[in-house]
Each structure stands twice: as C-alpha cells, then as structure tokens.
Amino acid sequence: MKFFIDTANLDQIKEAQELGILDGVTTNPSLMAKEGITGKENILKHYVDICNIVEGDVSAEVNAVDFEGMVKEGEELAALHEQIVVKLPMIKDGVKAAKYFADKGIKTNVTLVFSVGQALLAAKAGATYVSPFIGRLDDISADGLSLIEEIRQVYDNYGFDTEILAASVRHTMHIVDCAKIGADVMTGPLSAITGLLKHPLTDAGLAQFIADFEKGNK
Ligand code: G3P
C-alpha cells in the first residue's frame, strides 16, 4: 500500500519523508489556500518545492472546469516536474481530460469521487489514480469504506490498472481498514500516519526496558 500525505505544508511533508515511508503527496486548492499559497506563480513554485522534497507522485489540481481549460492548465502543471500528476475533477469534462492525458502518457488523479459509477468512468478513461473521498461520505452518515470495497471488486473484475487512492482519510483506523480492503494508496494527514506508531504496550514495554537497563548499568 502506498502512503501519500494530503497537505501542502512543507514541514509536514518533510517530516513524513524523513520517516522513510512516504510515496507521494496530494494537494488541492483548499490545502494550498490553507498554507497561504496564492497567485499562479507562487502556486506553481510550491508544487516544485514539494517535488524537491519527496521522491514519488505529487498531485496538482487544475482549477478550470472546462475541457480546454483543464488541458491547458494540466499541461502547464505536468511540464513543471516529472513527478507531477494532474488532478482532475470527476465531471464530464474531467473524464474527457483524463482520457486526453492518458493518451499523452501524462499521469492523472480523478478526484471528488463518491460512487462506484464515477470510479468506473475514471478507470475507463485511463486515469492513473481514482480518489474516492471516504471521510466526506462518513461525514454524511454514508459508508466511505464500503465504497472502497465496491470499487476494489469492480476494478478486480475487469483488471483495470487505475489505482484506488483512498482520499479524505481522517484517522488511523481509516488507513488500517483501507489496507485490509486492498486500497492501492491512501492519502491522509500526518496525524493519521503517525497515529499508526502508537500503542500503550509499546510505551510501557520500552519504559520497562529502559528502567531495567539503567538499574543494571548504574
Ligand atoms: O485528498 C482529498 C482530501 O483532501 C479531502 O480531505 O479531509 O477535506 O475531506 P477532506
């Protein structure tokens, strides 16, 4: 399972990278705005900064919602760095753009996916990644993890290459459950990733080992 971090915060990206478990980064316009990154030049530079920290794929989202605009913006983003994956919204023109980029060998991430039907269209268009938002489904009392399970089944039925990127991951158990289901990738906040480290028996066991070592080596 690949681990992506879902943030535009460079310190958090560095911290995850230094842990040695990071496979990539996802961003979106809201995450860029949260870091105060505004204006085209600053946004493009920030994507390059992220690419220079991590070794894997970095999703950069288009802001256009029409086919021509997505192609223009996506080509500009893809030209920034070889690690850039063009992130496209799951709308009609987004599907058309995913096919356009697939034909050109440019990686895409189709985002804002909330149904199996949408995921099927993304795979048919040749998307590299499909991003079902599990946390936002949970927020409205729907079952985000069931969606991952259903997409896994459909993709496996037909051998689609599109990777299931479980997005809108909010906590540690989302990651564990996605791993059990067989999501190819998860993207979440640093807190969810580092949450995987925690177990009280690890802390208690380590405290005991340290105490016993110190007793015997006074
Ligand atoms: O990658 C999609 C993700 O950023 C959405 O997360 O927490 O805003 O639902 P969230």
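All ligand and atom numbering here is 1-based and tracks the order in the structure.
- Ligand 1 has no nitrogen or oxygen under 3.5 angstrom from a nitrogen or oxygen of Thr26.
- Set against the non-hydrogen atoms of Asp6, the atoms of ligand 1 under 4.0 Å away are 1 (O), 2 (C), 3 (C), 4 (O), 6 (O).
- For the side-chain hydrogen bond (donor to acceptor under 3.5 Å, both in side chains) test with Ser59, the passing option among Asn109, Thr27, Thr111, Thr26 is Asn109; the others fail.
- At a heavy-atom distance under 4.0 Å, only side-chain atoms of Asn28, from C-beta outward, approach ligand 1.
- For the side-chain contact (heavy atoms from CB on, under 4.5 Å) with Ile164, the qualifying choice from Pro132, Ser131, Cys178 is Pro132, the only one to do so.
- Some N or O of Arg170 is nearer than 3.5 Å to an N or O of ligand 1, by distance alone.
- Ranking protein heavy atoms by distance to atom 6 (O) of ligand 1, first place goes to Ser168 CA, 3.4 Å.
- The minimum heavy-atom distance linking Val130 with Tyr155 is given by the pair CG1-OH, 3.3 Å.
- Taking each heavy atom of Gln17 and Val54 in turn, the nearest pair found is OE1-CA, 3.6 Å.
- Protein heavy atom in closest approach to atom 8 (O) of ligand 1: Arg136 NH2, 2.8 Å.
- Here is the list of ligand 1 atoms found below 4.0 Å of a heavy atom in Ala167: 1 (O), 2 (C).
- Scanning all protein heavy atoms for the shortest distance to atom 2 (C) of ligand 1 gives Phe133 CZ, 3.2 Å.
- When all heavy atoms of Ile106 and Ala78 are compared, the closest pair comes out as CG2-CB, 3.9 Å.
- Donor-acceptor pairing under 3.5 Å is lacking for the side chains of Asn28 and Glu61.
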